[in-house]
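Whatever order the structure lists ligands and atoms in, that order sets their numbers, starting from 1.
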Amino acid sequence: MAKVKSAFFCQNCGHEAPKWLGKCPSCNEWNTFVEEIIEKQVPQVVAFSKSKSTATPMSLNDIKPQEHNRIQLNDAEINRVLGGGLVLGSLVLFGGEPGIGKSTLLLQMAVTMKGLKVLYVSGEESEQQIKMRAERIGGSNDECYILTETNIQNIFKQAEKIQPQVLVIDSIQTLFSNQIESSPGSISQIRETTAQLLRYAKQTNVPVFLIGHITKEGSLAGPKVLEHMVDAVLQFEGDRNHVYRLLRSIKNRFGSTNELGIYEMLGTGLRQVENPSEILITNADASLSGISIGATLEGMRPMLIEVQALVSTAAYGTPQRSSTGFDSKRLNMLLAVMEKRCGFKLGAKDVFLNIAGGIKVDDPAIDLAVVAAVLSSNADMPIPKNIALSAELGLSGEVRPVNRIDQRIYEAEKLGFDKIILSTYNKGIQQSDYKIELVMCGKITEVVKALFT
Ligand code: TYD
Ligand code: MG
């Protein structure tokens with residue numbers, strides 16, 4: 001008789017317990033335990049389960065450094081975010097909210113790269129749907145194979161026949177393994193199928209992309225365990241109502257996590273955006289109040305971003321503060337600094353803040369641009385269009401330096417700005433190195449003077 005074994009899993013963090021618990025001891029969430037049957041049968045003929053050698057310890061000095069062999073994909077943004085190409089044998093988790101464009105991006109990678117043998121496994125869409133999508137994108141790779149299958153054992157069988165150079169799984173939440181009884185998408189299935197894919201990747205040296213959905217709270221649906229197992233975690237994000245999408249790396253064993261890729265969603269797939277600053281700044285002819293340009297750094301990429309603010313008299317007792325793309329607590333703090341340090345009475349005003357393009361910014365260097373936009377809207381005085389700003393603001397109203405200031409200055413110069421407002425305390429910055437005029441400020445009052453007089 002087969003032995004039925006079950007365990008309880010926290011649906012939030014994947015913690016395993018032999019009995020039901022009200023509160024997860026690992027992540028402290030309540031009521032997250034669900035029983036899952038993990039009937040481990042006698043190990044079947046599993047293609048990628050045997051470890052070949054017993055490892056012996058080696059001196060670190062004896063281990064020869066090995067260059068990672070990488071496949072250069074024809075998508076420069078993915079290559080860069082992965083740290084210079086797709087490493088052979090790596091397992092890459094590709095997360096994002098439903099509908100953001102994960103399937104589109106990876107299918108596009110598969111159908112547009114000529115000569116690369118890709119097996120695209122979909123458990124979510126039919127062949128017809130994928131064909132329609134591929135036609136929209138318009139690729140011409142004869143070696144792109146589509147498989148609609150959710151059983152992991154069958155997927156490995158087909159993979160062995162086709163011998164792909166890259167395997168794409170869409171999505172990990174739909175896969176299941178015969179060896180485990182619980183339903184697809186449950187923690188134990190996700191963990192088991194990912195472990196098998198990891199073994200497949202390491203033993204065949206075929207890189208595997210795993211698509212994973214993200215919950216509303218922003219974590220990968222299901223388990224954090226997944227993030228520990230894979231070599232790299234890429235996140236595709238953006239506002240579904242806007243056309244721009246950001247590809248970030250959250251974890252990368254083969255490169256830095258500072259890289260960022262930017263795409264624009266078109267009717268014909270995703271277009272790589274090489275010069276992000278141009279698209280993020282509206283080129284309205286008339287000067288409008290409440291708009292400022294901040295020079296920020298997203299990962300390693302300098303970007304000029306437009307900040308829009310609207311300040312109006314509060315209609316009801318409590319003023320409203322609302323911000324999109326910027327931390328609202330930080331906005332409140334900046335408003336308090338403005339109130340205290342330069343005497344602007346914003347207490348009875350509604351303040352709305354928006355970062356253009358549906359982008360989220362958490363670089364502190366945008367502080368000065370936020371302050372400038374709010375002050376400009378409050379006084380209804382436009383900021384001259386040729387000025388960019390880049391500095392953090394401290395609680396006592398001091399203008400603080402930010403990292404990699406030279407990159408930010410060059411970006412502003414490249415885009416034709418005439419002046420950039422910075423902190424006096426940035427080290428090693430000389431006017432003679434730049435064509436753009438550097439306006440150094442030490443206090444917020446000096447910034448106001450530089451902007452509006
Ligand atoms: P999809 O890749 O299905 O998202 P995910 O796999 O992350 O759930 O993308 C869905 C959206 O992309 C859908 O709303 C339509 C849009 N889209 C375009 O705008 N242009 C295109 O060329 C394609 C293929 C999709
Ligand atoms: Mg999809």
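Electrostatic pairing of R248 and E298 counts as a salt bridge here, judged by a charged N lying under 4.0 Å from a carboxylate O.
Atoms of ligand 1 lying under 4.0 Å from any heavy atom of P98, numbered from 1 in the order shown and given with element: 8 (O). Atoms of ligand 1 found under 4.0 Å from any heavy atom of L266, numbered from 1 in the order shown, are 18 (C), 19 (O), 20 (N), 21 (C), 22 (O). Contact atoms of ligand 1 toward M265: 12 (O), 16 (C), 17 (N), 18 (C), 19 (O), 20 (N) (distance under 4.0 Å to a heavy atom of the residue). Close contacts between ligand 1 and T268 involve ligand atoms 22 (O) [criterion: under 4.0 Å to a heavy atom].
Contact annotation: G269 has at least one heavy atom less than 4.0 Å from an atom of ligand 1. Ligand 1 lies out of reach of I137, whose nearest heavy atom is not under 4.0 Å from it.
Residues E124 and T174 have side chains that never bring a donor and an acceptor to within less than 3.5 angstrom of each other. Side-chain atoms of E97 and Q235 include no donor-acceptor pair closer than 3.5 Å.
When all heavy atoms of V370 and L331 are compared, the closest pair comes out as CG1-CD1, 4.0 Å.
No donor-acceptor pair closer than 3.5 Å links the side chain of T32 to the backbone N or O of C10. Using a distance-only test at 3.5 Å, with no hydrogens or angles considered, a donor-acceptor pair links the side chain of Q108 to the main chain of L270.
For Y120 and Y145, the ring centers sit 6.0 Å or farther from each other.
The nearest protein atom to atom 2 (O) of ligand 1, hydrogens excluded, is given as T104 OG1, 2.6 Å; this is a heavy-atom distance. The nearest protein atom to atom 11 (C) of ligand 1, hydrogens excluded, is given as G99 O, 3.7 Å; this is a heavy-atom distance. The shortest contact between atom 6 (O) of ligand 1 and any protein heavy atom is with S103 OG, 2.5 Å. Protein heavy atom closest to atom 4 (O) of ligand 1, with residue, atom name and distance, is G101 N, 3.1 Å. Among protein heavy atoms, atom 15 (C) of ligand 1 sits closest to R136 NH1, 4.7 Å. Of all protein heavy atoms, the one lying nearest to atom 1 (P) of ligand 1 is R133 NH1, 3.4 Å.
Considering backbone and side-chain atoms together, K102 places an N or O closer than 3.5 Å to an N or O of ligand 1.
In this pair, H15 and F33 present their aromatic rings perpendicular. The plane angle is above 60°, beyond the 30 to 60° band.
Coordination check, S171 versus the Mg ion (ligand 2): failed, since every N/O/S atom of the residue sits at 2.8 Å or beyond.
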Problem set entry | Derivation of the side chain to side chain donor-acceptor pair (under 3.5 Å) call for E181 and Q189 | CA-CA 8 Å; E181 283 235 327; Q189 282 290 8; over 6 Å; no
